[in-house]
Amino acid sequence: GECFSSDQVDVTVNPMPVVSFVGDSLMGCDPLTVNFTNQTIPGGSNCSWTFGDGNSTTGCTTVSNTYLSAGIYDVTLTVTSLEGCTASATYNDYITIMAQPVAEFTFSPQEVSVGDPTVMFANSSQFADTYEWNFGDGGASLQENPTHTFPQTGNVTYEVMLIATNSVGCADTATAEVDIVDELIFYVPNVFTPDGNNINNTFLPVFTSGFDIYDYHLTIFNRWGEVMFESYNSTAGWSGTYGDQGLVEDGVYVWQIEFGDNRSDKRHKYRGHVTVLK
């Protein structure tokens, strides 16, 4: 009869890798570094990644990529197992990168007077959705373009801060200094009555702000240009006397004040007339 012999053949079917991975940060602002961890089973001997932004790398454990510009990116991992089976997975729209906000603002007027210390702020920030202002005087605002009135105190500088934030919480900060400057305000009476009745007995320029008390000079002249009185003290006025000769005659006298500006090194000089009536 016929003889048959048989061999036993073992066919091993190697499983395809089930490709999966995870990123540690899926949303953020540029530049954003994302670490990707391979979770493929079984693990591979050769793994190649493309990150959707033109970058690629190899590695079967953890790899990283830095996204430099805003966009939504697909990520693909291709795994070759030890036995040579290859599979890949693409996660579409996996990484969302937003532009980092840029905080920026201007304000007007540039020179803010103590008489009207209201300032308008113009926000020129980019890539931001919400705004937080701090005016440096305790005031704050969440408006995009706020108007703020500072205290009516001269010679004060406030640091104004703007924090511009986008919808994923990335923020940028801009600061600027706003100077509130004193106005030169003084009043000089044009008549005074040194008659001893305790009302309007002394001639004195009245300053409200703006001058340097250590740089002050008041001079009174008669109509022939003779100096009747001089003072370097802004609180000491003219009582209407000339030396030890007592009260001057009624009539018109010339006053002159010279003083320094407490905002700058400028000096000011003013002249005018005052009528003495006894």
Side-chain angles (χ1 to χ4, degrees), residues 7-107 121-134 140-146 159-176:
D7 283 333
Q8 184 174 341
V9 178
D10 288 338
V11 176
T12 303
V13 178
N14 292 310
M16 291 292 281
V18 179
V19 178
S20 72
F21 57 90
V22 64
D24 65 348
S25 183
L26 306 184
M27 183 177 279
C29 296
D30 61 350
L32 181 70
T33 298
V34 183
N35 298 303
F36 296 93
T37 301
N38 176 17
Q39 296 180 328
T40 302
I41 298 171
S45 61
N46 192 327
C47 306
S48 63
W49 303 77
T50 60
F51 299 115
D53 61 351
N55 292 342
S56 58
T57 193
T58 58
C60 286
T61 52
T62 297
V63 298
S64 67
N65 184 55
T66 299
Y67 291 89
L68 297 177
S69 49
I72 299 177
Y73 298 99
D74 303 342
V75 179
T76 300
L77 169 60
T78 302
V79 176
T80 302
S81 69
L82 291 163
E83 298 80 19
C85 304
T86 298
S88 72
T90 297
Y91 293 180
N92 291 315
D93 301 342
Y94 190 53
I95 303 294
T96 301
I97 306 295
M98 297 184 71
Q100 176 71 29
V102 178
E104 208 167 38
F105 66 93
T106 57
F107 61 90
F121 292 91
N123 191 339
S124 51
S125 302
Q126 294 173 282
F127 316 122
D129 305 303
T130 58
Y131 306 99
E132 185 183 336
W133 296 84
N134 227 298
S141 174
L142 299 176
Q143 291 180 313
E144 187 170 344
N145 296 291
E159 183 171 80
V160 176
M161 177 186 292
L162 167 62
I163 302 171
T165 307
N166 69 11
S167 59
V168 295
C170 305
D172 186 39
T173 301
T175 60

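Residues forming a side chain to side chain donor-acceptor pair (under 3.5 Å) with Thr86 (at least two apart in sequence, or on another chain): Thr80. Annotation: side chain to side chain donor-acceptor pair (under 3.5 Å) contacts of Thr175 (sequence neighbours excluded): none. Taking Ala128 as the reference, Pro101, Tyr131, Ala164 meet the side chain to side chain contact (heavy atoms under 4.5 Å, CB included) condition, with sequence neighbours excluded. By the side chain to side chain contact (heavy atoms under 4.5 Å, CB included) test, Ala70 is found to be paired with Ala99, residues two or more places apart in sequence or in another chain being considered. The side chain to side chain donor-acceptor pair (under 3.5 Å) check on Glu83 picks up Ser81, with sequence neighbours excluded. Residues passing the side chain to side chain contact (heavy atoms under 4.5 Å, CB included) test with Gln143, sequence neighbours excluded: Ser141, Pro146. Asn35 pairs by the side chain to side chain donor-acceptor pair (under 3.5 Å) definition with Asp24, not counting sequence neighbours. The side chain to side chain contact (heavy atoms under 4.5 Å, CB included) check on Gln126 picks up Val102, with sequence neighbours excluded.
Of the inter-residue distances, the one linking Asn145 atom CG with Asn123 atom CG reads 5.5 Å to the nearest 0.5 angstrom. Rounding to the nearest 0.5 Å gives a distance of 6.5 Å between CG of Leu142 and CD of Glu132. Between Leu68 atom CG and Ile97 atom CD1 the span is 9.5 Å, to the nearest 0.5 Å.
Within the structure, every pair that satisfies the disulfide bond (SG atoms under 2.5 Å apart) test and touches residues 37-76, not counting sequence neighbours, is listed here: Cys47-Cys60. Every pair passing side chain to side chain donor-acceptor pair (under 3.5 Å) that includes a residue from residues 50-59 is listed here, sequence neighbours excluded: Asp53-Asn55, Asp53-Asn65, Asn55-Asn65.
Pairing each heavy atom of Phe36 with each of Gly23, the nearest pair is CD2-CA, 3.9 Å. Of all heavy-atom pairs spanning Glu104 and Leu162, the tightest one is O-CD2, 3.9 Å. Closest approach of Ala103 and Ser125 over heavy atoms only: CA-OG, 3.4 Å. Of all the heavy atoms in Cys85 and Met16, the pair that sits closest is CB-SD, 3.8 Å. Of all non-hydrogen atoms in Ser167 and Asp129, the two that sit nearest each other are N-OD2, 2.8 Å. For Val19 against Ala87, the heavy-atom pair with the smallest separation is CG2-O, 3.5 Å.
The aromatic rings of Trp49 and Phe21 sit perpendicular, their planes meeting at an angle over 60°, well past the 30° parallel limit. In this pair, Phe121 and Trp133 present their aromatic rings tilted. The plane angle is within the 30 to 60° band.
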Side-chain donor/acceptor pairs under 3.5 Å, residues 25-34, sequence neighbours excluded:
{"from": "Asp30", "atom 1": "OD1", "to": "Gln100", "atom 2": "N", "distance (Å)": "2.7"}
{"from": "Thr33", "atom 1": "OG1", "to": "Thr66", "atom 2": "OG1", "distance (Å)": "2.7"}

Listed pairs under 3.5 Å, donor-acceptor, residues 72-79 side chains, sequence neighbours left out:
{"from": "Tyr73", "atom 1": "OH", "to": "Ser69", "atom 2": "O", "distance (Å)": "2.8"}
{"from": "Asp74", "atom 1": "OD1", "to": "Asp93", "atom 2": "N", "distance (Å)": "2.7"}
{"from": "Thr76", "atom 1": "OG1", "to": "Thr90", "atom 2": "OG1", "distance (Å)": "2.7"}

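Heavy atoms of other residues, nucleotides or ligands lying less than 6.0 angstrom from CG of Leu82 number more than 12.
Ile95 places none of its side-chain heavy atoms less than 4.5 Å from the side chain of Phe51.
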